[in-house]
Amino acid sequence: MRVLLSGYYGKGNGGDEALLATLLQMLPEHVTPVVLSGNPQETRDRYHVEVGDRMAPLSVIQALRSSDAFIWGGGSLIQDVTSSISPFYYGSLMALAQKMKLKTVAWAQGIGPLKRSLTRSLARNTYSNCTKVSVRDRASAALLSDWQIPFILAPDPVWALESKPVPGLWDLPAPRVAVTLRSHPQLTQTRLANLTRALVDFQKATQTFILLLPFQKSEDLSIAETIQPQLADVSKIMCLEDPQLLKGVYRGVEMVIGMRLHSLIMAASEGCRCFALSYDPKVNRLMEDLDMPGWDLTSLPDDANLIGKTWIEHYANGDPLSPEKIQFLVDRALIHREVLSQALA
């Protein structure tokens with residue numbers, strides 16, 4: 001069975017690459033995946049799969065015609081806050097696949113926010129015609145319930161991604177704390193300056209080594225390069241493209257300060273203490289589900305000293321998830337694998 005996979009792949013985003021890696025890990029053995037990518041050569045080389053150019057219409061049509069099934073491969077594909085075009089791109093592909101009578105799966109979805117009536121209508125129609133739907137959070141589940149569309153709810157599948165050890169990590173000074181910040185309108189210059197001052201104070205108080213981990217170079221690297229000179233001898237910028245290595249970093253980290261959803265999921269799954277800086281409802285949902293400490297960026301304290309002290313307190317006295325809770329979430333995340341098995345039987 002040939003299955004076409006569509007997501008925000010090949011765009012250098014560690015979270016979306018982790019979703020793809022997990023999806024490939026969970027596909028039934030009889031399936032031959034074909035991945036639509038923004039960087040087909042890179043995706044082919046990394047995952048050893050057939051690929052198509054996600055922005056080449058003829059290539060996409062040919063891939064659909066040669067496939068038996070189509071999968072939206074995880075994440076917040078159907079939302080109109082960061083992009084009004086994105087839901088129409090993915091929605092059009094799904095609608096076309098359904099018109100061509102392919103089996104269609106909306107897999108591990110984080111739906112919304114959907115501010116526009118047109119995108120809500122598109123989403124409702126495409127989800128209602130899917131063979132199977134799985135979602136990763138309660139807000140998405142509530143939306144589908146309102147639409148009376150059957151679904152399966154399970155934690156984000158990246159909880160179950162197999163990690164790999166990172167060469168050279170254990171040669172770096174310990175203990176280590178990882179930081180992942182991304183560019184966003186809510187991360188103003190003033191807030192970034194306060195976070196940087198707080199991070200300097202935190203490092204001095206805890207004598208930790210700071211790992212700056214850009215999850216998407218185009219969005220994150222410049223911020224890491226702004227912070228790093230303030231921590232010149234006690235920090236390192238580490239850019240990792242392989243999502244299994246990216247998750248493996250957290251095996252050697254004591255605590256994470258993160259904006260990106262999958263930085264927090266990966267860290268929590270490897271037993272790290274986590275402190276969230278939320279820029280998006282999906283991060284707030286994770287904070288609520290795991291009782292994870294943090295701030296919404298819009299309510300970040302103006303006092304860098306207070307921020308630093310809060311981090312120091314969490315480093316000293318905060319608790320990671322228990323091994324039992326982690327295993328429970330991993331086991332639940334594997335439900336997404338069962339959805340694939342049922343839909344692609």
Side-chain angles (χ1 to χ4, degrees), residues 9-26 35 37-49 51 156-182 199 203 206-275 315 320-321 323 326-327 330 333:
Y9 308 141
K11 305 293 281 186
N13 184 303
D16 291 286
E17 293 302 306
L19 285 164
L20 174 56
T22 310
L23 174 53
L24 293 171
Q25 177 184 301
M26 290 186 177
V35 180
S37 172
N39 189 333
Q41 185 65 50
E42 180 183 86
T43 300
R44 180 189 294 115
D45 292 345
R46 179 176 298 151
Y47 303 109
H48 310 292
V49 292
V51 294
D156 191 290
V158 173
W159 283 98
L161 175 64
E162 296 172 2
S163 61
K164 296 192 294 194
V166 179
L169 176 62
W170 299 99
D171 296 331
L172 297 175
R176 306 174 196 95
V177 169
V179 178
T180 298
L181 302 180
R182 57 156 291 166
L199 193 57
Q203 190 282 323
T206 57
Q207 291 297 292
T208 49
F209 188 81
I210 306 299
L211 284 177
L212 300 165
L213 296 176
F215 260 56
Q216 185 173 10
K217 283 185 180 181
S218 62
E219 300 285 336
D220 306 358
L221 182 57
S222 61
I223 294 176
E225 291 173 339
T226 299
I227 295 171
Q228 207 268 337
Q230 311 301 316
L231 299 159
D233 299 320
V234 291
S235 68
K236 178 181 175 66
I237 297 174
M238 184 175 284
C239 296
L240 295 167
E241 302 290 339
D242 185 324
Q244 290 181 288
L245 288 176
L246 194 53
K247 191 176 184 186
V249 167
Y250 298 105
R251 295 184 187 180
V253 168
E254 297 294 322
M255 176 175 146
V256 172
I257 298 166
M259 280 179 68
R260 289 204 176 266
L261 175 72
H262 285 102
S263 71
L264 297 165
I265 290 174
M266 289 180 178
S269 70
E270 296 292 340
C272 298
R273 284 159 283 182
C274 296
F275 194 97
Y315 178 79
L321 295 180
I326 294 170
Q327 190 59 55
V330 170

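Counting begins at 1 with the first residue of the sequence. Basis for what follows: all heavy atoms, side chains included, without hydrogens, waters or symmetry-related copies. For clarity, every value in this text was computed on a predicted model and none was experimentally measured.
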Minimum heavy-atom distance between [X] and [Y], given as atom pair plus value:
X: V253; Y: C272; result: O-SG, 3.1 Å
X: T43; Y: S37; result: OG1-OG, 2.6 Å
X: L212; Y: A224; result: CD1-O, 3.6 Å
X: S263; Y: V256; result: O-CG1, 4.4 Å
X: A333; Y: M26; result: O-CE, 3.8 Å
X: L169; Y: V249; result: CD2-O, 3.5 Å

Legend entry - All pairs passing salt bridge (Lys or Arg N to Asp or Glu O under 4.0 Å) where residues 251-266 contributes a residue, at least two apart: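 As it turns out, the salt bridge (Lys or Arg N to Asp or Glu O under 4.0 Å) pairs with a partner in residues 251-266, which skip direct neighbours, are D220-R260, E254-R273.
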
Do side-chain atoms of [X] reach the backbone of [Y] as a donor and acceptor pair under 3.5 angstrom?
X: Q216; Y: G14; value: no
X: T180; Y: G258; value: no
X: Q244; Y: A21; value: no

Inset, instruction - For the residue pair H262 and N13, confirm or rule out a side-chain donor-acceptor distance under 3.5 Å. - result: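 No pair is found: no donor N or O on one side chain lies under 3.5 Å from an acceptor on the other.
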
Inset, instruction - Determine, stepwise, if the pair L213 / Y250 fulfils side chain to side chain contact (heavy atoms under 4.5 Å, CB included). - result: CA-CA 11 Å; L213 296 176; Y250 298 105; 3.6 Å; yes

Kindly compute the distance separating [atom1] ([X]) from [atom2] ([Y]), expressed to the nearest 0.5 Å.
X: R46; Y: E241; atom1: CZ; atom2: CD; result: 5.5 Å
X: Q203; Y: D233; atom1: CD; atom2: CG; result: 9.5 Å
X: Q228; Y: L199; atom1: CD; atom2: CG; result: 11.0 Å

Inset, instruction - Apply side chain to side chain contact (heavy atoms under 4.5 Å, CB included) to the pair F209 and K236, showing each step before the final yes or no. - result: CA-CA 8 Å; F209 188 81; K236 178 181 175 66; 3.8 Å; yes

Legend entry - Ion pair K164/D242, N-O distance below 4.0 Å: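 Counted as a salt bridge, because a side-chain N and a carboxylate O are separated by less than 4.0 Å.
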
